[in-house]
2 protein chains.
Amino acid sequence: MDQFVSRFTNRIDTKGRVSVPASFRTVLAKDGYDGIYCYPSLDAPALDAGGNRLVNKITDLVGELAPYSDEYDHLATALYGTSDILSVDQDGRTILPERLREHAGITNQVTFVGLGDKFQMWEPSKFEAHLAEAQQRVRDLRKLLGAGRPSGGPEGTRE
Amino acid sequence: MDQFVSRFTNRIDTKGRVSVPASFRTVLAKDGYDGIYCYPSLDAPALDAGGNRLVNKITDLVGELAPYSDEYDHLATALYGTSDILSVDQDGRTILPERLREHAGITNQVTFVGLGDKFQMWEPSKFEAHLAEAQQRVRDLRKLLGAGRPSGGPEGTRE
DNA sequence: TGGGATATCATGGGCGTCAATGGGAATAAC
DNA sequence: GTTATTCCCATTGACGCCCATGATATCCCA
(Lines give C-alpha, C1' and ligand atoms only; values in the text may rest on other atoms or scores of the structure.)
Protein backbone atom coordinates (compact mmCIF):
# COMPACT_ATOMS: atom_id res chain seq x y z
CA MET A 1 0.00 0.00 0.00
CA ASP A 2 1.31 3.43 -0.83
CA GLN A 3 2.50 5.50 2.07
CA PHE A 4 2.80 9.16 2.91
CA VAL A 5 6.53 9.95 2.79
CA SER A 6 8.67 13.01 2.43
CA ARG A 7 7.73 16.53 3.34
CA PHE A 8 6.69 19.65 1.45
CA THR A 9 6.22 23.26 2.44
CA ASN A 10 3.52 25.15 0.54
CA ARG A 11 2.15 28.64 0.84
CA ILE A 12 -1.33 29.65 1.92
CA ASP A 13 -2.59 32.12 -0.66
CA THR A 14 -4.68 35.24 -0.10
CA LYS A 15 -7.87 33.15 -0.27
CA GLY A 16 -6.66 30.81 2.45
CA ARG A 17 -6.02 27.93 0.05
CA VAL A 18 -2.99 25.65 0.14
CA SER A 19 -1.90 23.01 -2.37
CA VAL A 20 -1.90 19.48 -1.01
CA PRO A 21 1.27 17.86 -2.34
CA ALA A 22 0.57 15.85 -5.47
CA SER A 23 2.06 12.64 -4.05
CA PHE A 24 -0.17 12.90 -0.94
CA ARG A 25 -3.21 13.41 -3.16
CA THR A 26 -2.23 10.31 -5.09
CA VAL A 27 -2.02 8.26 -1.88
CA LEU A 28 -5.39 9.59 -0.70
CA ALA A 29 -6.94 8.77 -4.07
CA LYS A 30 -5.61 5.20 -3.97
CA ASP A 31 -6.93 4.95 -0.42
CA GLY A 32 -10.33 5.82 -1.83
CA TYR A 33 -10.90 8.70 0.58
CA ASP A 34 -12.70 11.77 -0.65
CA GLY A 35 -11.14 14.72 1.15
CA ILE A 36 -8.81 14.72 4.14
CA TYR A 37 -9.70 13.51 7.62
CA CYS A 38 -8.01 15.95 9.96
CA TYR A 39 -7.83 16.76 13.70
CA PRO A 40 -5.50 18.58 16.07
CA SER A 41 -2.59 16.32 17.09
CA LEU A 42 -3.07 15.07 20.64
CA ASP A 43 0.30 16.16 21.93
CA ALA A 44 1.89 18.43 19.35
CA PRO A 45 1.18 21.81 17.77
CA ALA A 46 0.34 20.07 14.50
CA LEU A 47 -2.59 18.58 12.62
CA ASP A 48 -2.95 14.85 12.07
CA ALA A 49 -4.39 14.06 8.67
CA GLY A 50 -5.06 11.14 6.38
CA GLY A 51 -7.60 8.97 4.67
CA ASN A 52 -9.31 5.66 5.32
CA ARG A 53 -6.36 4.07 7.04
CA LEU A 54 -6.29 6.84 9.61
CA VAL A 55 -10.04 6.63 10.08
CA ASN A 56 -9.87 2.85 10.47
CA LYS A 57 -7.06 3.14 13.00
CA ILE A 58 -9.10 5.59 15.05
CA THR A 59 -12.16 3.35 14.83
CA ASP A 60 -10.11 0.39 16.08
CA LEU A 61 -8.58 2.42 18.88
CA VAL A 62 -11.88 3.81 20.13
CA GLY A 63 -13.56 0.43 19.61
CA GLU A 64 -11.23 -1.19 22.11
CA LEU A 65 -12.68 0.87 24.95
CA ALA A 66 -15.80 0.24 26.96
CA PRO A 67 -18.55 2.25 25.27
CA TYR A 68 -19.63 4.25 28.33
CA SER A 69 -16.25 4.65 30.04
CA ASP A 70 -14.54 7.97 30.69
CA GLU A 71 -11.67 6.92 28.44
CA TYR A 72 -14.09 6.27 25.64
CA ASP A 73 -15.66 9.68 26.03
CA HIS A 74 -12.33 11.47 26.17
CA LEU A 75 -10.79 9.69 23.21
CA ALA A 76 -13.92 9.89 21.11
CA THR A 77 -14.13 13.60 21.83
CA ALA A 78 -10.47 14.13 20.98
CA LEU A 79 -10.49 12.09 17.77
CA TYR A 80 -14.01 12.63 16.49
CA GLY A 81 -15.25 15.77 18.12
CA THR A 82 -12.36 18.00 17.12
CA SER A 83 -11.90 16.70 13.62
CA ASP A 84 -12.86 18.02 10.23
CA ILE A 85 -13.09 16.45 6.84
CA LEU A 86 -11.34 18.90 4.56
CA SER A 87 -12.45 19.10 0.97
CA VAL A 88 -9.84 19.15 -1.77
CA ASP A 89 -10.76 21.02 -4.93
CA GLN A 90 -9.97 19.82 -8.39
CA ASP A 91 -6.74 21.79 -8.44
CA GLY A 92 -5.58 19.86 -5.40
CA ARG A 93 -6.05 22.69 -2.90
CA THR A 94 -7.73 22.77 0.46
CA ILE A 95 -8.66 25.39 3.04
CA LEU A 96 -7.69 24.88 6.67
CA PRO A 97 -10.39 25.95 9.16
CA GLU A 98 -9.39 28.75 11.50
CA ARG A 99 -9.60 26.46 14.52
CA LEU A 100 -7.11 23.97 13.08
CA ARG A 101 -4.72 26.70 11.90
CA GLU A 102 -4.71 28.20 15.36
CA HIS A 103 -3.92 24.87 17.01
CA ALA A 104 -0.86 24.45 14.81
CA GLY A 105 0.14 28.10 14.75
CA ILE A 106 -0.10 28.13 10.98
CA THR A 107 -0.11 31.55 9.32
CA ASN A 108 1.11 31.67 5.75
CA GLN A 109 2.95 28.42 5.12
CA VAL A 110 2.25 24.76 5.86
CA THR A 111 4.72 21.92 6.10
CA PHE A 112 3.18 18.58 5.11
CA VAL A 113 5.04 15.67 6.75
CA GLY A 114 4.47 12.11 5.60
CA LEU A 115 4.34 9.56 8.44
CA GLY A 116 3.49 6.37 6.57
CA ASP A 117 -0.23 5.74 7.18
CA LYS A 118 -1.02 9.39 7.84
CA PHE A 119 0.58 12.77 7.54
CA GLN A 120 0.89 15.85 9.69
CA MET A 121 0.64 19.52 8.93
CA TRP A 122 2.91 21.95 10.79
CA GLU A 123 3.94 25.54 10.90
CA PRO A 124 7.36 25.22 9.20
CA SER A 125 9.61 26.51 12.02
CA LYS A 126 7.76 24.45 14.63
CA PHE A 127 8.33 21.39 12.51
CA GLU A 128 12.07 22.02 12.14
CA ALA A 129 12.36 22.13 15.92
CA HIS A 130 10.29 18.98 16.25
CA LEU A 131 12.39 17.19 13.63
CA ALA A 132 15.63 18.05 15.40
CA GLU A 133 14.21 16.59 18.61
CA ALA A 134 12.90 13.47 16.86
CA GLN A 135 16.22 12.78 15.18
CA GLN A 136 18.09 13.21 18.45
CA ARG A 137 15.67 10.84 20.18
CA VAL A 138 16.11 8.24 17.45
CA ARG A 139 19.89 8.52 17.71
CA ASP A 140 19.64 7.96 21.46
CA LEU A 141 17.35 5.00 20.82
CA ARG A 142 19.82 3.48 18.36
CA LYS A 143 22.58 3.79 20.91
CA LEU A 144 20.39 1.94 23.38
CA LEU A 145 19.59 -0.74 20.83
CA GLY A 146 23.19 -0.89 19.68
CA ALA A 147 24.41 -1.49 23.21
CA GLY A 148 22.23 -4.58 23.34
CA ARG A 149 23.53 -5.91 20.05
CA PRO A 150 25.79 -8.94 19.88
CA SER A 151 27.97 -7.02 17.44
CA GLY A 152 30.39 -6.64 20.34
CA GLY A 153 30.91 -10.37 20.44
CA PRO A 154 33.29 -10.52 23.38
CA GLU A 155 30.95 -8.50 25.57
CA GLY A 156 28.08 -10.76 24.67
CA THR A 157 30.11 -13.87 25.34
CA ARG A 158 31.38 -12.55 28.64
CA GLU A 159 27.88 -11.93 29.83
CA MET B 1 18.24 -12.24 -3.39
CA ASP B 2 20.44 -9.83 -5.29
CA GLN B 3 22.37 -7.40 -3.22
CA PHE B 4 23.85 -3.97 -3.65
CA VAL B 5 27.61 -4.45 -3.86
CA SER B 6 30.62 -2.49 -5.02
CA ARG B 7 30.87 1.24 -5.33
CA PHE B 8 30.70 3.77 -8.14
CA THR B 9 31.32 7.47 -8.44
CA ASN B 10 29.21 9.35 -10.98
CA ARG B 11 28.92 12.97 -11.94
CA ILE B 12 25.96 15.27 -11.42
CA ASP B 13 25.28 17.07 -14.69
CA THR B 14 24.19 20.64 -15.24
CA LYS B 15 20.54 19.66 -14.83
CA GLY B 16 21.20 18.08 -11.46
CA ARG B 17 20.86 14.52 -12.78
CA VAL B 18 23.10 11.62 -11.85
CA SER B 19 23.24 8.11 -13.31
CA VAL B 20 22.29 5.37 -10.88
CA PRO B 21 24.79 2.54 -11.43
CA ALA B 22 23.35 -0.06 -13.78
CA SER B 23 23.88 -2.92 -11.34
CA PHE B 24 22.00 -1.04 -8.61
CA ARG B 25 19.15 -0.38 -11.02
CA THR B 26 19.05 -4.09 -11.79
CA VAL B 27 18.78 -4.94 -8.08
CA LEU B 28 16.04 -2.35 -7.60
CA ALA B 29 14.13 -3.71 -10.58
CA LYS B 30 14.33 -7.27 -9.26
CA ASP B 31 13.21 -5.94 -5.89
CA GLY B 32 10.17 -4.58 -7.68
CA TYR B 33 10.58 -1.06 -6.36
CA ASP B 34 9.67 1.85 -8.62
CA GLY B 35 12.17 4.57 -7.78
CA ILE B 36 14.58 4.83 -4.86
CA TYR B 37 13.56 5.19 -1.25
CA CYS B 38 16.07 7.58 0.28
CA TYR B 39 16.63 9.47 3.56
CA PRO B 40 19.48 11.23 5.34
CA SER B 41 21.60 8.78 7.33
CA LEU B 42 21.01 9.39 11.03
CA ASP B 43 24.65 9.28 12.03
CA ALA B 44 26.68 10.00 8.90
CA PRO B 45 26.88 12.69 6.25
CA ALA B 46 25.41 10.27 3.72
CA LEU B 47 22.10 9.18 2.28
CA ASP B 48 20.61 5.76 2.96
CA ALA B 49 18.84 4.38 -0.07
CA GLY B 50 17.18 1.24 -1.33
CA GLY B 51 14.02 -0.47 -2.45
CA ASN B 52 11.36 -2.67 -0.91
CA ARG B 53 13.72 -4.38 1.50
CA LEU B 54 14.66 -1.05 3.02
CA VAL B 55 11.04 0.10 3.08
CA ASN B 56 9.94 -3.17 4.70
CA LYS B 57 12.63 -2.84 7.34
CA ILE B 58 11.42 0.65 8.17
CA THR B 59 7.78 -0.42 8.16
CA ASP B 60 8.58 -3.28 10.55
CA LEU B 61 10.55 -0.98 12.82
CA VAL B 62 7.83 1.64 13.03
CA GLY B 63 5.09 -0.99 13.18
CA GLU B 64 6.47 -2.43 16.39
CA LEU B 65 5.58 0.73 18.24
CA ALA B 66 2.24 1.83 19.62
CA PRO B 67 0.60 4.20 17.12
CA TYR B 68 0.25 7.21 19.40
CA SER B 69 3.44 6.79 21.44
CA ASP B 70 6.31 9.27 21.48
CA GLU B 71 8.68 6.67 20.04
CA TYR B 72 6.35 6.01 17.13
CA ASP B 73 6.07 9.70 16.43
CA HIS B 74 9.81 10.30 16.55
CA LEU B 75 10.73 7.28 14.46
CA ALA B 76 8.05 7.95 11.87
CA THR B 77 9.12 11.58 11.63
CA ALA B 78 12.79 10.69 11.31
CA LEU B 79 12.31 7.87 8.79
CA TYR B 80 9.24 8.84 6.80
CA GLY B 81 9.21 12.58 7.19
CA THR B 82 12.79 13.14 6.05
CA SER B 83 12.72 10.68 3.20
CA ASP B 84 12.06 11.03 -0.47
CA ILE B 85 11.10 8.57 -3.12
CA LEU B 86 13.42 9.49 -5.96
CA SER B 87 12.14 8.84 -9.42
CA VAL B 88 14.53 7.20 -11.86
CA ASP B 89 14.05 8.10 -15.50
CA GLN B 90 14.24 5.61 -18.30
CA ASP B 91 17.90 6.45 -18.88
CA GLY B 92 18.62 5.39 -15.32
CA ARG B 93 19.13 8.85 -13.91
CA THR B 94 17.75 10.49 -10.83
CA ILE B 95 17.76 13.97 -9.32
CA LEU B 96 18.73 14.41 -5.69
CA PRO B 97 16.58 16.96 -3.85
CA GLU B 98 18.45 19.96 -2.50
CA ARG B 99 17.80 18.95 1.10
CA LEU B 100 19.38 15.52 0.65
CA ARG B 101 22.36 16.91 -1.25
CA GLU B 102 22.99 19.41 1.52
CA HIS B 103 22.85 16.75 4.22
CA ALA B 104 25.53 14.72 2.45
CA GLY B 105 27.54 17.70 1.25
CA ILE B 106 27.16 16.54 -2.33
CA THR B 107 28.00 19.08 -5.02
CA ASN B 108 29.02 17.61 -8.37
CA GLN B 109 29.82 13.96 -7.79
CA VAL B 110 28.16 11.11 -5.91
CA THR B 111 29.71 7.92 -4.61
CA PHE B 112 27.24 5.02 -4.53
CA VAL B 113 28.23 2.39 -1.94
CA GLY B 114 26.51 -1.00 -1.89
CA LEU B 115 25.70 -2.31 1.58
CA GLY B 116 23.83 -5.52 0.77
CA ASP B 117 20.15 -4.77 1.39
CA LYS B 118 20.57 -1.06 0.80
CA PHE B 119 23.13 1.38 -0.46
CA GLN B 120 24.46 4.74 0.57
CA MET B 121 25.26 7.88 -1.36
CA TRP B 122 28.21 10.01 -0.30
CA GLU B 123 30.24 12.99 -1.35
CA PRO B 124 33.34 11.19 -2.66
CA SER B 125 35.96 12.70 -0.33
CA LYS B 126 33.74 12.26 2.72
CA PHE B 127 33.35 8.62 1.78
CA GLU B 128 37.10 8.11 1.44
CA ALA B 129 37.57 9.47 4.96
CA HIS B 130 34.75 7.28 6.24
CA LEU B 131 36.24 4.21 4.55
CA ALA B 132 39.66 4.81 6.08
CA GLU B 133 38.08 5.04 9.53
CA ALA B 134 35.96 1.93 8.95
CA GLN B 135 38.94 -0.08 7.79
CA GLN B 136 40.90 0.96 10.87
CA ARG B 137 37.97 -0.12 13.07
CA VAL B 138 37.83 -3.48 11.33
CA ARG B 139 41.52 -4.00 12.04
CA ASP B 140 40.95 -3.17 15.70
CA LEU B 141 37.96 -5.51 15.80
CA ARG B 142 39.91 -8.36 14.21
CA LYS B 143 42.54 -7.95 16.88
CA LEU B 144 39.83 -8.24 19.49
CA LEU B 145 38.23 -11.22 17.79
CA GLY B 146 41.58 -12.83 17.20
CA ALA B 147 42.26 -12.76 20.95
CA GLY B 148 38.92 -14.44 21.62
CA ARG B 149 39.24 -16.99 18.79
CA PRO B 150 39.19 -20.74 19.56
CA SER B 151 42.21 -20.99 17.26
CA GLY B 152 44.00 -21.14 20.59
CA GLY B 153 42.32 -24.51 21.24
CA PRO B 154 43.05 -24.73 24.95
CA GLU B 155 41.01 -21.63 25.74
CA GLY B 156 37.99 -23.09 24.00
CA THR B 157 38.40 -26.45 25.68
CA ARG B 158 38.76 -24.86 29.11
CA GLU B 159 35.28 -23.43 28.92
C1' DT C 1 46.42 -14.78 -26.31
C1' DG C 2 45.46 -10.71 -28.88
C1' DG C 3 42.62 -7.93 -31.80
C1' DG C 4 38.32 -6.42 -33.62
C1' DA C 5 33.41 -5.96 -33.24
C1' DT C 6 29.47 -5.30 -30.49
C1' DA C 7 26.82 -4.11 -26.57
C1' DT C 8 26.23 -1.51 -22.53
C1' DC C 9 26.81 2.37 -19.61
C1' DA C 10 27.56 7.12 -18.46
C1' DT C 11 27.09 11.72 -20.21
C1' DG C 12 25.01 15.75 -22.69
C1' DG C 13 21.20 18.35 -24.69
C1' DG C 14 16.45 19.68 -26.44
C1' DC C 15 11.51 19.56 -25.89
C1' DG C 16 7.15 18.65 -23.65
C1' DT C 17 4.52 17.80 -19.39
C1' DC C 18 3.32 18.41 -14.63
C1' DA C 19 2.78 20.70 -10.21
C1' DA C 20 2.50 24.81 -7.58
C1' DT C 21 0.89 29.45 -7.74
C1' DG C 22 -2.08 33.38 -8.87
C1' DG C 23 -6.43 35.40 -10.19
C1' DG C 24 -11.33 35.99 -11.70
C1' DA C 25 -16.15 34.57 -11.91
C1' DA C 26 -20.02 31.99 -10.41
C1' DT C 27 -22.52 29.75 -6.92
C1' DA C 28 -23.82 28.59 -2.37
C1' DA C 29 -24.29 29.59 2.38
C1' DC C 30 -25.09 32.67 6.14
C1' DG D 1 -26.68 41.41 0.64
C1' DT D 2 -22.28 39.80 1.91
C1' DT D 3 -18.98 36.41 2.48
C1' DA D 4 -17.06 32.04 1.68
C1' DT D 5 -16.32 28.29 -1.30
C1' DT D 6 -15.92 26.11 -5.69
C1' DC D 7 -14.83 26.06 -10.44
C1' DC D 8 -12.07 27.44 -14.21
C1' DC D 9 -8.01 29.12 -16.48
C1' DA D 10 -3.22 30.93 -17.17
C1' DT D 11 1.74 31.07 -16.01
C1' DT D 12 6.24 29.46 -14.74
C1' DG D 13 9.85 26.56 -13.31
C1' DA D 14 11.18 21.93 -12.41
C1' DC D 15 11.21 17.45 -14.03
C1' DG D 16 10.51 13.60 -17.26
C1' DC D 17 10.94 11.87 -21.95
C1' DC D 18 13.55 11.17 -25.96
C1' DC D 19 17.64 11.00 -28.59
C1' DA D 20 22.65 11.19 -29.64
C1' DT D 21 27.56 10.40 -28.50
C1' DG D 22 31.72 8.67 -26.54
C1' DA D 23 33.99 5.47 -23.52
C1' DT D 24 34.40 1.06 -21.56
C1' DA D 25 33.58 -3.72 -21.04
C1' DT D 26 32.52 -8.06 -23.03
C1' DC D 27 32.44 -11.47 -26.51
C1' DC D 28 34.05 -13.92 -30.48
C1' DC D 29 37.40 -15.39 -33.76
C1' DA D 30 41.94 -16.23 -35.55
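All values below come from the heavy atoms of this structure, side chains included, with hydrogens, waters and symmetry mates left out. Reminder, nothing fancy here: chain letters follow the sequence lines and each chain counts from 1.
Closest approach of A:Asp48 and A:Ser41 over heavy atoms only: OD1-OG, 2.5 Å.
If you take CD1 of A:Ile95 and P of C:dA29, they are 15 Å apart, rounded to a whole angstrom. Rounded to whole Å, atom C1' of D:dT12 lies 15 Å from atom CZ of A:Arg11. B:Leu86 has its CG atom 18 Å from the P atom of D:dA14, to the nearest Å. Between the C1' atom of C:dT21 and the CG atom of A:Asn108 lies a distance of 14 Å, rounded to the nearest Å. Taking atom CG of B:Asp84 as the reference point, atom P of D:dA14 lies 16 Å away to the nearest angstrom. A straight line from CD of A:Glu98 to P of D:dA4 spans 11 Å, rounded to a whole angstrom. Summarising the geometry, the separation between CG on A:Asp89 and P on C:dA19 is reported as 14 Å, rounded to the nearest angstrom. Atom pair A:Phe8:CZ and C:dC18:P shows a separation of 17 Å (rounding to whole Å applied).
Side-chain atoms of A:Asp13 lie closest to C:dG22 of the nucleotides C:dG22, C:dA20, C:dT11. In this structure, the nucleotide among C:dG23, C:dG12, D:dC17 sitting nearest to the side chain of A:Lys15 is C:dG23.
Using a cut-off of 4.0 Å between Lys/Arg side-chain N and Asp/Glu carboxylate O, A:Arg139 and B:Asp43 are scored as not salt-bridged. Ion pairing between B:Asp13 and B:Lys15 fails under the 4.0 Å rule for side-chain N and carboxylate O.
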Under the side chain to side chain contact (heavy atoms under 4.5 Å, CB included) rule, what do A:Val27 and A:Gln3 come out as? Steps first, then yes or no, please. CA-CA 7 Å; A:Val27 176; A:Gln3 290 186 309; over 6 Å; no

Test side chain to side chain contact (heavy atoms under 4.5 Å, CB included) on A:Phe127 and A:Val113; report intermediate values, then the result. CA-CA 9 Å; A:Phe127 174 70; A:Val113 185; 3.4 Å; yes

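Within the structure, a side-chain polar atom (N or O) of A:Ser87 is placed less than 4.0 Å from OP1 or OP2 of D:dT6. An OP1 or OP2 oxygen of D:dC8 is reached within less than 4.0 angstrom by a side-chain nitrogen or oxygen of A:Gln90.
With a 4.5 Å cut-off on side-chain heavy atoms, B:Lys118 and B:Leu115 count as touching.
Counted by atom type alone, B:Ser83 and A:Ser6 present zero donor-acceptor pairs between their side chains at under 3.5 Å.
Using a 4.0 Å cut-off on heavy atoms, the residues of residues 17-26 of chain A that approach DNA chain C are A:Arg17, A:Ser19, A:Val20, A:Pro21, A:Ala22, A:Arg25, listed by number.
One distance of note links CH2 of A:Trp122 with CZ of A:Phe112; it measures 14.5 Å at 0.5 Å rounding.
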Between protein and nucleotides 19-24 of chain D, what N or O pairs are separated by less than 3.5 Å?
residue : atom : partner : partner atom : Å
D:dC19  : N4   : B:Asp91 : OD2          : 2.6

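In this structure, the ring of A:Phe119 has its center no less than 6.0 angstrom from the ring center of B:Tyr80.
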